[in-house]
Amino acid sequence: MDLSHLNHQQRQAVTSTKGPILVLAGAGSGKTRVIIQRISWLIQVEQVLPAEILAVTFTNKAAREMQERLKDELRGRQKGVQLSTFHSLGVQLLREHIDQLGYRSNFVIYDTQDQQSVIKGIMEDHDLEDSGLIDAKGVHYEIGQAKNRGLGPDHFLQQRDSTRKTQVGQVFTEYQRVLKGCNAIDFDDILLLTLKLFEEYSEAMDPLRERYHYLMVDEYQDTNRVQYQLMCHLCQRHHNLCVVGDDDQSIYGWRGADIRNILDFERDFPEAKIIRLEQNYRSTPTILKAANQVISQNPQRMPKELWSQKPTGVPLEWIEGKDEAEELELVARQIKIQVLRHGRSHSDYAILFRSNFQSRLIEETLRDSGIPYQIIGSTSFYERKEVKDALAYLRVIHNHSDEVSLHRIINYPRRGIGKTSLIQANYYCQLLRKPLFEICKQARQHSRIPTEAAMSMESFAQMILRYQQRFQQETLGEVLRDLLADVGLIYDLETQKIDPKTKEKRVGFVMELMRGLDRFVEQNPEKHLRDYLERVMLFTQNDREEELVSNQVTLMTLHSAKGLEFPFVFLVGMAEGVFPNQRSLDESGEEEERRLCYVGMTRAREELTMSMARRRKRYREEVSQTMSRFLSDIDSSLFKVAPGAKMDMGQKALQKKQSRADFFQQLRRLQ
DNA sequence: CAAGCTCTTCAGACA
DNA sequence: GAAGAGCTTG
Ligand SMILES: Nc1ncnc2c1ncn2[C@@H]1O[C@H](COP(=O)(O)OP(=O)(O)OP(=O)(O)O)[C@@H](O)[C@H]1O
C-alpha cells in the first residue's frame, strides 16, 4: 500500500495497529487522514474484516464524510466498516437490548423541548414552579450536566443543606420516572443506558466487546466521561484503540466534554503510544500564525508545534460595517468579486458565525445578492411547532406511551377535548394506573369525562390504531399524507388568521417534512416508521442529502465547522458579546471561546476574512459594539487593513475612503 | 370551551 | 421574529 502521501509520524500512526495510541496534534495536521488511512491499511494490508472495525466520530456529518473518503480510497472494500457517532451506536444497541433496562424497544427520543415540557409538568404537579428556587430551564441544565458526568438524582438529593439542590433532585427523580412511563429516553440517556448495559448486563454485551477488533475515535477532545467509559468497554477485549484529538479544539465543554480524557489517557492505558503531528497541510503560514497568536493566550495548553510549508499567502482581510446589514453586504460583495475575479466556485466559500440567530440576516443578504448558499446544521426545522406536531402524530402511532407527544396532538387540531376533560382523564390514569392512551380508548366508561369529549377520545384512539396498521403495511409517505389530511393539520394551518407569508412558510415546512419522508422511503425502501423516527431524532437537518453541494456558499456555526476546511473563510460578527459570546464568558470564561476562534480561523486554507458591525440591533434597541478581543491578539501586520486601526482618525477615514473607492472601482471593472 | 388578542420572554454552541 | 402565557370575549 502506498503511504507516500503521509509524513513519517502519520505513517507511524497508521501502521501501529496493535495496542492503544493517542494522536495529539494541532489543526489541519492530518489527523482525520490518519484515521482514514489506518482503516485502509487494516483492510488492505492486515486483511482485517471491515466488520471488525469501528470508527466513531462526533457528528453524523463527520461520519458521512469519512464514509465518502473511505469509499474513494477503497472502492467498495470499505463496506461493512462501522462508522457512527456514539449516539447512533448507542441507539443501535439499545434497540436490541433496552428491554433489559425496563423500556420497550419502540422507545422514542426526547429532545430539549420535550424534556422541558416534562420538567414543567412535574414542577406544576408539585407546586414547585413559583418556589423561586428553580425554573424548568435551570433544572434541565442541571440534569444534563449531571448526566454527562454519569450522575443520577442522588447526587442532588444528598446535598441536604441546599433546598434548591434537593428540589432539583426531586424533579430529576420524577423526570426519570415520567420518561420511563412514556417509554422515552433523552439524548444523555442514550449514552448512559448503553453504558448501563455494559456495566450491569455485562455478559449479554460480551459479543460486542468481541466484535470490534479495532476502534478509532476522531475529535477525541470532545468526548465526555460517559463516552469515554463506553469506549473503554468497546475496546476492552482487543485493546486496539486509536484516538485522535487536539486539546486546543475542545469546544464542547458545555456538553460535558472532559479534557481529562486526554490527560489521563496514558494513565488508563499505560502501554499507550503517543504520536504528535506537527506539520499543517491546510492553511497558509499567515493564517496559521494568526490562529496561533489567538490560541497562545490560553494558559495550560499542552505543548504542540505546528508549522506550514506552504507559501506565505495573502494577508488577512478585515471588513467593518456600520451595522450588521452593511457588514454582511460587504461580505456578500467580496464573495461576488472574488468568485468573478478568481473564477472560484461558490462552494469554496464558507461564512461562519457564533450563534444560529446570526444566520437569518446572512441568508437574506445572500439571497438579495443572488449568491447561492446552503445552511448546514440548523436544528430549527425539527424544532418548529408545526413540524413537531406532525411528528408527534407519528411518534404516538409508533409508541402510544409517548405522552408528551400525545398531549401535543390530542386536541390539535381541535377535536373538543378540552382542559377539563384531560384533567378528568388524568385522574383515571392515576386511579387505575393506566396510561392516558388506554383511558382514551375506553373513555366513555369513565363517567367523569364529559360524553362529547369521551367520544372524541375514543375515535382519536381508534384513528391512531388504524394508522398504526397502515404504517405497517403501506408506503410511509402516502400514509402520512392521508393522516395529515385526515386530522386536518394542513387545513388548520391554512385557515389561521395570520399574515399570509408566515402561513405559507408553515405549510411549506410541513410539506418539506412530507417530502423528506418520501426521500427517506426512496433511499431506504425496506425501512420502517421506527427507522424514520430514529433518523429524524438523531440526524438533525444536517442530513439534507447534500443536494447539489456544488457551487453554493456554506453557512454554518463555528461548532459545526469543526473538522472541515474551505479555501475562503469569513468569520462574521467578530464583536465583543457576540463572539466571544457574553453568556459563555460569564459562565465559563473566555478560554473555550478562544479555542472556538482558533477552530474557526484554522478552517481556512488560502484566505481568511473577519468582519464586524459597529452597531447591532438587539430586539428593539440598537447597541454599539466593540471589536472582539481576539482580534487584538493578532499582529496587525498580518492584515491587509488592520482592524480597529492604530492610526489616527484622519488616516482611518482616508483609508476607508480609499479602500471603498478601490472597491467600487473593482465592482465597475467587473460589470 | 374556543378563539382571538396582547404581552412577555427569549435568541450559546449539538446529538 | 417566534412561541407561550394569560387575558377577554363570544
Ligand atoms: N501528509 C499529507 N500530505 C499532504 N496533505 C495532507 C497530509 N495529511 C493531511 N493532508 C491534508 O491536510 C488537510 C487537513 O487534514 P485533516 O483534515 O486530516 O486534518 P485534521 O488534523 O483532522 O484537522 P482538524 O484538527 O482541523 O480537524 C486535508 O486537506 C488533508 O488532505
Side-chain angles (χ1 to χ4, degrees), chain A residues 56-63 84-91 109-113 115-117 120 129 135-137 141 144 147-148 185-191 219 222-224 226-227 251-257 352-361 364 376-380 382-386 388 411-422 450 452-453 492 495-499 501-502 505-506 534-543 556-562 573 577-588 592-593 595-596 599-600 617-620:
Chain A
V56 181
T57 59
F58 212 65
T59 62
N60 294 300
K61 190 171 161 50
S84 49
T85 63
F86 276 109
H87 287 88
S88 53
L89 183 71
V91 169
I109 300 164
Y110 275 2
D111 68 13
T112 314
Q113 278 182 50
Q115 288 177 284
Q116 290 198 15
S117 82
K120 262 189 210 144
E129 5 170 31
D135 62 353
K137 257 187 102 175
Y141 173 81
K147 284 186 166 186
N148 280 326
I185 64 180
D186 61 32
F187 281 110
D188 303 318
D189 285 337
I190 295 177
L191 303 174
E219 309 286 9
D222 290 323
T223 51
N224 66 28
V226 181
Q227 290 167 320
I251 54 174
Y252 285 97
W254 51 275
R255 220 175 84 180
L352 309 181
F353 40 88
R354 175 61 176 80
S355 309
N356 272 315
F357 73 87
Q358 296 173 272
S359 74
R360 178 186 316 209
L361 198 55
E364 276 170 25
I376 300 288
S378 125
T379 51
S380 57
Y382 289 107
E383 281 164 15
R384 303 198 62 88
K385 187 184 169 303
E386 52 280 6
K388 287 217 76 171
N411 197 34
Y412 177 78
R414 307 243 104 94
R415 50 175 72 85
I417 303 172
K419 230 200 212 135
T420 36
S421 310
L422 276 175
E452 300 266 297
D492 181 82
T495 50
Q496 273 171 12
K497 294 198 180 72
I498 47 170
D499 90 288
K501 261 186 142 175
T502 358
K505 262 196 211 151
R506 290 184 182 171
E534 178 183 312
R535 165 91 145 227
V536 166
M537 295 314 298
L538 286 182
F539 282 57
T540 56
Q541 183 73 341
N542 256 346
D543 189 47
M556 59 184 154
T557 62
L558 289 157
H559 283 87
S560 340
K562 188 169 52 116
V578 177
F579 188 33
N581 175 282
Q582 192 56 50
R583 246 176 94 184
S584 172
L585 281 180
D586 295 344
E587 281 168 25
S588 23
E592 187 153 308
E593 294 289 295
R595 291 194 289 270
L596 194 53
V599 168
K617 260 216 273 302
R618 220 183 84 172
Y619 312 126
R620 285 276 146 75

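All figures in this text were calculated on a predicted structure; none of them were measured in a lab. In what follows, every chain begins at residue 1, and chains take the letters A, B, ... in the order their sequences are listed. What you see below is based on every heavy atom in this structure, not just the backbone, and it leaves out hydrogens, waters and symmetry mates.
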For [X] and [N], what is the distance between atoms [atom1] and [atom2] respectively, to the nearest whole Å?
X         : N       : atom1 : atom2 : value
Met556(A) : dA13(B) : CE    : C1'   : 14 Å
Glu383(A) : dA13(B) : CD    : C1'   : 12 Å
Arg384(A) : dG4(C)  : CZ    : P     : 11 Å
Lys419(A) : dA3(B)  : NZ    : C1'   : 14 Å
Ile109(A) : dA15(B) : CD1   : P     : 13 Å
Asp492(A) : dA2(B)  : CG    : C1'   : 12 Å
Ile185(A) : dA15(B) : CD1   : P     : 17 Å
Arg415(A) : dA2(B)  : CZ    : C1'   : 15 Å

Need one value for [X]: base, sugar-phosphate or nothing, where a base atom within 4.0 Å counts as base even if backbone is also close, heavy atoms only.
X         : result
Phe86(A)  : nothing
Arg595(A) : nothing
Arg354(A) : base
Thr57(A)  : nothing
Glu587(A) : base

Nearest to the side chain of [X], heavy atoms from C-beta on, is which of [options]?
X         : options                  : answer
Lys385(A) : dA15(B), dA3(C), dA13(B) : dA3(C)
Arg255(A) : dG12(B), dG4(C), dC14(B) : dC14(B)
Arg583(A) : dC14(B), dA2(C), dG12(B) : dG12(B)

>> For Arg360(A) and Lys120(A), find the nucleotide of DNA chain C closest to each by heavy atoms; which residue's nucleotide sits nearer the 5' end?
In response: Arg360(A)
> Where do Lys147(A) and Asp186(A) land on the side chain to side chain contact (heavy atoms under 4.5 Å, CB included) test, with the steps shown first?
Replying inline: CA-CA 10 Å; Lys147(A) 284 186 166 186; Asp186(A) 61 32; 2.5 Å; yes
>> For Glu364(A), is the CD atom crowded, meaning more than 12 foreign heavy atoms sit under 6.0 Å from it?
In response: yes
> For atom OH of Tyr141(A), is the number of surrounding heavy atoms from other residues, nucleotides or ligands below 6.0 Å larger than 12?
Replying inline: no
> Between the base of dG12(B) and the side chain of Ser584(A), is there a donor-acceptor distance below 3.5 Å?
Replying inline: yes
> Is Trp254(A) stacked on the base of dG12(B), with ring centres under 5.5 Å apart and planes under 30° apart?
Replying inline: no
Examine [N]: is either OP1 or OP2 under 4.0 Å from a nitrogen or oxygen in the side chain of [X]? Give yes or no.
X         : N       : answer
Ser560(A) : dC14(B) : yes
Arg506(A) : dA3(C)  : yes
Asn356(A) : dG12(B) : no
Arg414(A) : dA3(B)  : yes

> Asp586(A) side chain to Arg583(A) main-chain N or O, any donor-acceptor pair under 3.5 Å?
Replying inline: no
> Which is it for Arg354(A) and Glu593(A) under the side chain to side chain contact (heavy atoms under 4.5 Å, CB included) test, yes or no, and what are the steps along the way?
Replying inline: CA-CA 9 Å; Arg354(A) 175 61 176 80; Glu593(A) 294 289 295; 2.7 Å; yes
>> Judged by each residue's nearest nucleotide on DNA chain B, which is more toward the 5′ side, Phe357(A) or Gly418(A)?
In response: Gly418(A)
> Toward the 5' end of DNA chain B, which comes first, Ala453(A) or Tyr141(A), by nearest nucleotide?
Replying inline: Ala453(A)
> Hey, are the side chains of Tyr382(A) and Gln113(A) touching, using non-hydrogen atoms and a 4.5 Å cut-off?
Replying inline: no
